[in-house]
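One structure is given here, and the rest of the page talks about it.
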Amino acid sequence: MTPNGQAAVVTGGGSGLGGATAAKLAASGARVSVLDIDLAAAQAVAERVGGLAFACDVTDGDAMAAALAQARRRHGPARILVSCAGVGPARRMVGRDGPMPLAEFERVIRVNLIGTFNAMRLAAAAMTALEPMEDGERGVIVSAASVAAYEGQIGQTAYAASKGGVVALTLPAARELAQFGIRVNAIAPGIFSTPMLRALPQEVQNSLAGAVPFPPRLGEPEQFADLVLHIVENRYLNGAVIRLDGALRMAPR
């Protein structure tokens, strides 16, 4: 699909991977709606890329439906959805103060996995009613997974489980939505220079970057966005989870 002239929705678009993706799609001619639980952050990105901003909690079905409806009224029906909303707190399953509170595990699963599914189900339902384009394509959905889905580290039980769910969701969703001409893919990034990671001490950032075989540095959000754009444009990419990690394989800790 050529993004030029198409409406696109990016969840978690207020910063990091989502912010870079919103900018890349806008630069390619898409009409971008930036959704984020932090409205001020979404507005800052939207102003920079010439898009729209909407406050949205991806775990709330009604809130997500309302945000997508607002975006549709302003930009028309979206043929592109990129789900980047996520959280990644590190906590051991059993620590010095006992077992991890169940509510913490539930929150990560709700935001990263249920939030991704929530956006996907609503966007896909709207895409099914659109007129097919070349090759019968009606839409494309890209979700953010993580290499933690495959090599979760100590302290990442919740995060790895949530991203593993996103990986497992991708193929059956692609198979189900194929009849409508909607492609579903995911990207599993490694260690990227996002606001969360840049908040760490520089020596920690350097150590993480040095663990990447090549190139031995942190990934840039723009490289994630480049891959999103390629997935959007390459109509034969479907049902895939693509690692973007410089050949990194995470150690236990």
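In this chain, residues are counted from 1 in sequence order.
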Practice problem: Say whether Val34 and Leu81 are linked into one hydrophobic cluster, either directly or through other cluster members, by side-chain heavy-atom distances under 4.5 angstrom. | Solution: no
Quiz item: Hey, is the main chain of Thr170 close enough, under 3.5 Å, to the side chain of Asn185 for a donor-acceptor pair?
Solution: no
Practice problem: Rounded to the nearest 0.5 Å, what's the gap from CZ on Phe117 to CG on Leu122? Could you check? | Solution: 9.0 Å
Quiz item: Is the number of heavy atoms from other residues, nucleotides or ligands under 6.0 Å of Arg243 CZ greater than 12?
Solution: yes
Self-check item: All pairs passing salt bridge (charged side-chain N to carboxylate O under 4.0 Å, His left out) where residues 11-27 contributes a residue, at least two apart
Solution: Lys24-Asp226
Self-check item: Within 6.0 angstrom of Tyr150 OH, more than 12 heavy atoms from elsewhere
Solution: yes
Quiz item: What is the distance from atom SG of Cys56 to atom CG of Asn118, rounded to the nearest 0.5 Å?
Solution: 7.5 Å
Self-check item: Residues forming a side chain to side chain donor-acceptor pair (under 3.5 Å) with Asp135, sequence neighbours excluded
Solution: Arg235
Quiz item: Same cluster for Tyr159 and Leu169 if Ile/Leu/Val/Met/Phe/Trp/Tyr side chains link at under 4.5 Å?
Solution: no
Quiz item: Donor-acceptor pair, Arg31 side chain versus His75 backbone, under 3.5 Å?
Solution: yes
Quiz item: Would Val184 end up clustered with Val167 when hydrophobic side chains under 4.5 Å apart are linked, directly or stepwise?
Solution: no
Quiz item: Side-chain heavy atoms under 4.5 angstrom apart, residues restricted to Ile, Leu, Val, Met, Phe, Trp, Tyr: same cluster for Phe192 and Val147?
Solution: no
Quiz item: Can you tell me how far the CG atom of Asp245 sits from the OG atom of Ser146, to the nearest 0.5 Å?
Solution: 9.5 Å
Exercise. Kindly indicate whether the side chain of Gln70, heavy atoms from C-beta on, has any atom under 4.5 Å from the side chain of Leu52.
Key: no
Quiz item: Out of curiosity, does Val166 fall in the hydrophobic cluster containing Val142 (side-chain heavy atoms, cut-off under 4.5 Å, transitive links)?
Solution: no
Quiz item: Distance from Glu222 atom CD to Leu17 atom CG, nearest 0.5 Å?
Solution: 9.5 Å
Exercise. Inspect the surroundings of CZ in Arg74 and state if more than 12 heavy atoms from other residues, nucleotides or ligands are less than 6.0 Å away.
Key: no
Exercise. Could I get the full list of side chain to side chain donor-acceptor pair (under 3.5 Å) partners for Glu104, not counting sequence neighbours?
Key: Arg91
Self-check item: Over 12 foreign heavy atoms within 6.0 Å of CZ, Arg175
Solution: no
Quiz item: What's the spacing between Leu113 CG and Ser143 OG if we round to 0.5 Å?
Solution: 10.0 Å
Quiz item: Would you find a donor on one side and an acceptor on the other, under 3.5 Å apart, between the side chain of Gln153 and the backbone of Ala251?
Solution: yes
Practice problem: Any chance you could measure Ile231, atom CD1, to Asn238, atom CG, to the nearest 0.5 Å? | Solution: 10.5 Å
Quiz prompt | Asp62, CG: over 12 other non-hydrogen atoms inside 6.0 angstrom | solution = no
